[in-house]
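Inspection log for the structure reproduced underneath, given as C-alpha cells.
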Amino acid sequence: MTSLTENFNTPYHSAPFSSIKNEDYLPAFKKLIQESEEEINTIINNTEDPNFENVIEALAYSGEKLDVVSNIFFNLNSAETSDELQKIAQEVSPILTEYSSKISQNEALFDKIKKVYDKREEYHLNEEQKMLLEETYKGFVRSGALLNENDKEKLKKINMDLSLKSLQFGQNALASTNAYFKHITNKTDLAGIPEPIIEQYAEEAKERDLNGWVITLQYPSYVPFMTYAENRELRKELALANGKKSFDGGEYDNQDLIKEIILLKQQKAELLGYKNYADYVLEERMAKSPSKVLDFLNELLTKAKPYADKEIEELKALAKADGIDEMQSYDHAFYAEKLRKEKFDLNDEELKPYFPLNQVQDAVFGLAQKLFGLTFEERNDIPKYHEEVKTYEVKENGEYKALLYVDYFPRKGKRAGAWMTSYKSQYKKGDENSRPHISIVCNFNKPTKDTPSLLTFQEVTTLFHEFGHALHGMLANTQYPNLSGTSVKWDFVELPSQFLENFCYEPEFLKTFAKHYQTGEVLPDDKIKKIEQSKNFMEGYQTLRQLGFGLLDMKYHTQVSDVKDIKTFEDEQTKATQLYPVNPETAMSPSFSHIFQGGYSAGYYSYKWAEVLDADAFQYFKENGIFNPEIAAKYKVLLSSGGTKDPMELYKNFRGSEPKVESLLKRAFG
C-alpha cells in the first residue's frame, strides 16, 4: 500500500508500476479519500474571510495524490485489465462517486465558493483565475450544490448507479469482443488476404494452441479480413459476429444497460433543471444547444449525401460485375479496397512496408521537434505496466518537459481502439512547474519473427491523431491542474489530434519518413501523389457514417422516452445516413463505448465539429508554409493554454478569425 499512498521514489515521481499489487488499490483509495477530505475540511474550517486563494485555489490543488492513483488504476483497467482488476473497479467506482458527490454537495464548502464568486469583481483576478473561479462555481451548481437535501441524495444515487452501469457496459463490450474467434483450417478460405496478414492469423492460432489460422474481432485482425477476404460467406459471418457484440441476448448483452444508463442521465438532467441530458452537457460546450448540433449535423448530411450515394454506386457496379445483385455492408470494405486499387493503384499491403512503426514514431517525434522544439529520449529506468510499453523523457531546450508512455499492440486485457490519456496533470505551484505524464495506447499489428510492426496508412494517421492529443498534454503550461492540457471544452478537444493528421498527406513531410523497411527506398512519388489523391476517397461514406453516430448519440440523449427497443430506435435515428440494407440481427449501440462508457455522451458530434476547426487551422499553415515557425509558435500558445480561455477566443487569437465550415467542405469534396 505504501507504494501508492506515499511519494513515489521513481524518476520524476512516475507511477511505480513494478511495485503495485492489486490488493494495494482499495486501501490506498480509502486512505487518499480520507486525506483529500481532510484537505477540504481545512478549507471549510479556515476562520479567515473566504477569498480566491484560501478557497478556490486551495480547492484546485487538493486531492492531487488521489487523482494520480485514480489515473493509474483506471488507465490500467483500460490498457491492462484482468478479472481481478475489474472486480476492484466495481468496488472502487461507487466509493469514488460517493466521495465526489460528498464534495460537490458540501454546503459549507459551496457557501464559501459562492461568497468568493459573488465578490469576484473585488479580487482583480487575472484571466486564468477568473476562468478557474467561473468553472469551479459552475461545476458545483451543475453537480447539485443548489438542490435541497432530498434531491441531493437522489443525485448522489443516480451518479453512483451511472458509474457502475457505465463500467459494466465497457466490461461487457470487451468481454463480448474477446469471446469470439474464427478458427480456419483450410487455407483456401483465406484467398485474397496478403501473406503478412495470414502470418499474423497463424501467430494468433499458435498463441491459442491451435493449428491453422485464427481471426478475432480485434481491429488489426478483423479489418484486414473484411478488406481482403474473397470468401463472401466468411465476411458475412465475421460481420455478423462483430455486429452482435453485446447484442446477442447472452451474458454480455448491453441492451438493458443502455436503457438504464440513458434513463439515469435523463433523471439527472431533470433534477438539475434541464430538459434533457444533451441540454445539460451542451451548456458547457462550444455548440451550446442540441438544436445547434442537429442543425450542424443535418447541414453536413445534406451536403455529403450526394457524394456518398455516388461513391456507393461505383462500388455496386464493381460488385455487380462479380455477380452480386444486392451489395451488403459486409461487402463495403472489400469493394472499396478494390476501387481504391483501381483508381489509385494503391493498397494497404503495398504501402505497409514503407511505414514500419519505429519510423512513423520517429517522424511524429521529429515533427514535434520542428514545430515546437521538443525532443524525445527513451528511458529504461522508468517503471512500466507491461514489457511492450516504452517510456520517453520529453525535453524542450534540453530541459525536462514531460514523460510519454507508448503502448502499441493488442492484448487480451486491453480494450479496442486508440486513445491518449494522462497519469499526472501539469500545474504550477510556488516556484515549481510540475510537468505532465502522458500516455498513448493503440492496437497495431505486433511484429512477427520476420517483420517489424508495419502500419496501414490509416494506422499512421491514427498514431498522429493520438500524438496530437499527447502534444496538448505535454505542452500544457497553466497554473491550475483542472485547466491544464486537454481540460478544455469537449468539442474543442479533437482539434489538436485531427489537426496533426493533416501532415500525413503532405509530400514534403511524407518523404522524410516513408521508407521501405528492408531497402530504405523512399516511397515513390507516384504513390505519394496517389495518397494525396486518395485522401478524400470514400469521404462521403465516412462522413455519413460519423454523422450517423453523432445523430444517434444526440437522439439517445434527447428522446429517452422513445427508446423502447434498442435496434428499432437505432435504425430509425440512423435511417437518413444508411447506405446499405440494415441487418436485422446486428446493432452497434450495444458496443458504442464512446457514449455509454467514455466521455462522449451527447458529444460524439465533436469529431465533425473539430474537423471544421482542424481544416481551417491547417489551411492557415498551408497558405504560409506547413512548417512556418511564426504560425507554429501561435499554435503552440493555443495548445499550452489548455482551458484557461474560451476556446473560440483561443482559436481567434491563433487564426485571426472564427473557423469557416467551407474549409472542411473544400477539403472533403473539393
Side-chain angles (χ1 to χ4, degrees), residues 278 281-311 461 465 468-469 472 488-506 532 535-555 558 573-574 576-577 579 600 602-624 626 631 634-635 638-639 645-670:
V281 167
L282 292 168
E283 180 184 64
E284 282 294 282
R285 305 284 159 91
M286 290 177 81
K288 300 299 180 196
S289 71
S291 59
K292 190 164 181 184
V293 170
L294 290 170
D295 287 348
F296 169 72
L297 294 175
N298 285 317
E299 180 190 357
L300 282 180
L301 176 57
T302 302
K303 287 172 177 168
K305 185 74 159 58
Y307 293 97
D309 287 337
K310 189 179 170 193
E311 290 164 1
T461 61
H465 180 103
H469 282 310
H472 208 176
V488 297
K489 303 292 185 199
W490 201 261
D491 41 12
F492 192 63
V493 81
E494 293 297 335
L495 164 62
S497 52
Q498 293 177 187
F499 167 81
L500 213 66
E501 289 183 45
N502 289 284
F503 284 91
C504 300
Y505 296 91
E506 293 298 314
E532 261 195 295
K535 180 179 182 183
N536 295 329
F537 179 65
M538 289 287 142
E539 184 65 32
Y541 167 82
Q542 292 296 349
T543 298
L544 257 68
R545 189 168 176 270
Q546 286 291 94
L547 293 176
F549 293 158
L551 287 165
L552 180 60
D553 166 42
M554 200 48 55
K555 295 301 177 74
T558 54
Q573 303 312 327
T574 58
T577 65
L579 296 162
Y600 281 84
Y604 199 88
Y605 75 92
S606 59
Y607 282 106
K608 295 312 284 184
W609 185 276
E611 272 189 52
V612 173
L613 298 174
D614 94 70
D616 192 66
F618 198 70
Q619 185 63 31
Y620 189 29
F621 273 86
K622 289 274 281 184
E623 289 163 1
N624 297 280
I626 61 169
I631 295 174
K634 287 203 284 182
Y635 186 65
L638 179 149
L639 291 177
K645 293 182 181 177
D646 178 83
M648 190 58 81
E649 187 187 337
L650 272 179
Y651 190 85
K652 286 194 290 188
N653 288 347
F654 154 69
R655 182 68 161 100
S657 60
E658 290 196 5
K660 301 172 185 71
V661 74
E662 288 72 26
S663 299
L664 173 61
L665 296 171
K666 181 182 174 187
R667 183 178 73 183
F669 305 118

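These figures come from a predicted structure and were not determined experimentally.
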Testing L495, D616, L664, D614 for side-chain contact (heavy atoms from CB on, under 4.5 Å) with P659, which one passes?
D616
Trace of the side-chain contact (heavy atoms from CB on, under 4.5 Å) decision for H472 with V488:
CA-CA 10 Å; H472 208 176; V488 297; 4.1 Å; yes
Any side-chain heavy-atom pair of [X] and [Y] under 4.5 Å:
| X | Y | answer |
| --- | --- | --- |
| R545 | Q542 | yes |
| T461 | E501 | yes |
| K660 | Q619 | no |
| R667 | E611 | yes |
| Q546 | Y604 | yes |
| E494 | H465 | yes |
| N653 | K645 | yes |
| K608 | F296 | yes |

Quick check on K666: does its NZ atom have over 12 non-hydrogen neighbours (other residues, nucleotides or ligands) under 6.0 Å away?
no
Greater than 12 external heavy atoms within 6.0 Å of K310's NZ
no
Reported [atom1]-to-[atom2] distance for the pair [X] and [Y], which is rounded to 0.5 angstrom:
| X | Y | atom1 | atom2 | answer |
| --- | --- | --- | --- | --- |
| K489 | L282 | NZ | CG | 11.5 Å |
| L650 | Y635 | CG | OH | 11.0 Å |
| Y620 | S663 | OH | OG | 13.0 Å |
| L665 | T543 | CG | OG1 | 9.0 Å |
| K305 | L547 | NZ | CG | 11.5 Å |
| L639 | K634 | CG | NZ | 14.0 Å |

Kindly give the heavy-atom pair with the smallest separation between [X] and [Y], and that separation in Å.
| X | Y | result |
| --- | --- | --- |
| F669 | A304 | CZ-CB, 3.8 Å |
| W609 | A287 | CH2-CA, 3.7 Å |
| Q498 | A610 | NE2-C, 3.4 Å |
| T558 | P290 | CG2-CB, 4.1 Å |
| W490 | G603 | CD1-O, 4.2 Å |
| A278 | M554 | CB-SD, 3.8 Å |

Working note: H469 + L500, criterion side-chain contact (heavy atoms from CB on, under 4.5 Å); need CA distance, chi angles, decisive distance, verdict.
CA-CA 9 Å; H469 282 310; L500 213 66; over 6 Å; no
Can you label the angle between the F618 ring and the F621 ring as parallel, tilted or perpendicular, going by 30° and 60°?
parallel
Step-by-step side-chain contact (heavy atoms from CB on, under 4.5 Å) determination, F492 to M286:
CA-CA 7 Å; F492 192 63; M286 290 177 81; 3.9 Å; yes
Decide side-chain contact (heavy atoms from CB on, under 4.5 Å) for Q573 and L552; before the verdict, give the C-alpha distance in whole Å, the side-chain angles of both, and the deciding distance to 0.1 Å.
CA-CA 6 Å; Q573 303 312 327; L552 180 60; 4.0 Å; yes
Contacts of type side chain to side chain donor-acceptor pair (under 3.5 Å), residue E299, not counting sequence neighbours
K303
Quick one: side chain to side chain donor-acceptor pair (under 3.5 Å) partners of K292, sequence neighbours excluded?
none
Applying the ring pair (Phe, Tyr, Trp, His ring centres under 6.0 Å) criterion to Y600, which one of Y607, Y605, F549 satisfies it?
Y607
Hits for salt bridge (charged side-chain N to carboxylate O under 4.0 Å, His left out) against K622, two or more places apart or cross-chain, chain-then-number order -> E506
